[in-house]
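Not measured: the values here are computed from a predicted model. Sequential numbering from 1 along the given sequence is applied to the chain's residues.
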Amino acid sequence: MVESITLSKDDLILHERTINYKLDKYEISETEKFTFPKYKTVTKRELDKNGFSIYTESKIDIYSTPKQYMSDVVLYFENEIDQKGNLSKKYGIYGQKKELIQEVITQYLSQ
């Protein structure tokens, strides 16, 4: 488990607190923002055997009166890797549709 905090430089007020940990096959990041409005984001990611995200679920709670809600977000990905195991393409999967969302061009120097 890793915890990090962000303080303002001027008044040492806590602005952000993040905890990262692993649970079963997921990497989980919990971030709380203490600025106005206060909110907490919990992001759960499942990684493939190469360490690239194939599933991301994000929930946001806003601490306000009256209570505000944001809809949860769930994303699925399919990754292509090159011959050296580096990410070359990332596709977002939306129902039956697959869309290229990232293309990585890696140049290798010949030795």
Residue pair N50 / N79, side-chain donor-acceptor N/O under 3.5 Å: no

T43 OG1 to E27 CD distance, which is reported to the nearest 0.5 Å: 11.5 Å

Audit row: F77, I93, side-chain contact (heavy atoms from CB on, under 4.5 Å) steps and yes/no: CA-CA 6 Å; F77 303 101; I93 300 173; over 6 Å; no

Nearest-0.5 Å distance that lies between atom OH in Y55 and atom CZ in R45: 13.0 Å

Stepwise side-chain contact (heavy atoms from CB on, under 4.5 Å) check, E32 with K38: CA-CA 7 Å; E32 288 183 271; K38 278 177 53 171; over 6 Å; no

Residue pair S88 / V104, side-chain heavy-atom distance below 4.5 Å: no

Ion pair check, D61 and K40, cut-off under 4.0 Å: no

Residue pair E57, L75: steps toward the side-chain contact (heavy atoms from CB on, under 4.5 Å) verdict: CA-CA 6 Å; E57 178 182 339; L75 304 169; over 6 Å; no

Separation between OG of S29 and OH of Y21, rounded to the nearest 0.5 Å: 9.0 Å

E80 and Y91: side chain donor to acceptor below 3.5 Å: yes

Euclidean distance, K33 NZ relative to Y39 OH, rounded to 0.5 Å: 4.5 Å

Atom of I28, atom of V42 and distance for their closest heavy-atom approach: CG2-CG1, 4.1 Å

Value rounded to 0.5 Å, distance of NZ in K89 from CD1 in I105: 9.5 Å

Hphob cluster co-occupancy, I101 + V73, side-chain heavy atoms under 4.5 angstrom: yes

For K84, all residues meeting side-chain contact (heavy atoms from CB on, under 4.5 Å), sequence neighbours excluded: D82, N86, Y108

Gap between atom CD of E16 and atom OG of S4 - 0.5 Å precision: 6.5 Å

Ring-face cation of K44 near Y26 (centre distance under 6.0 Å, axis angle within 45°): yes

Minimum side-chain heavy-atom gap T41-K59 below 4.5 Å: no

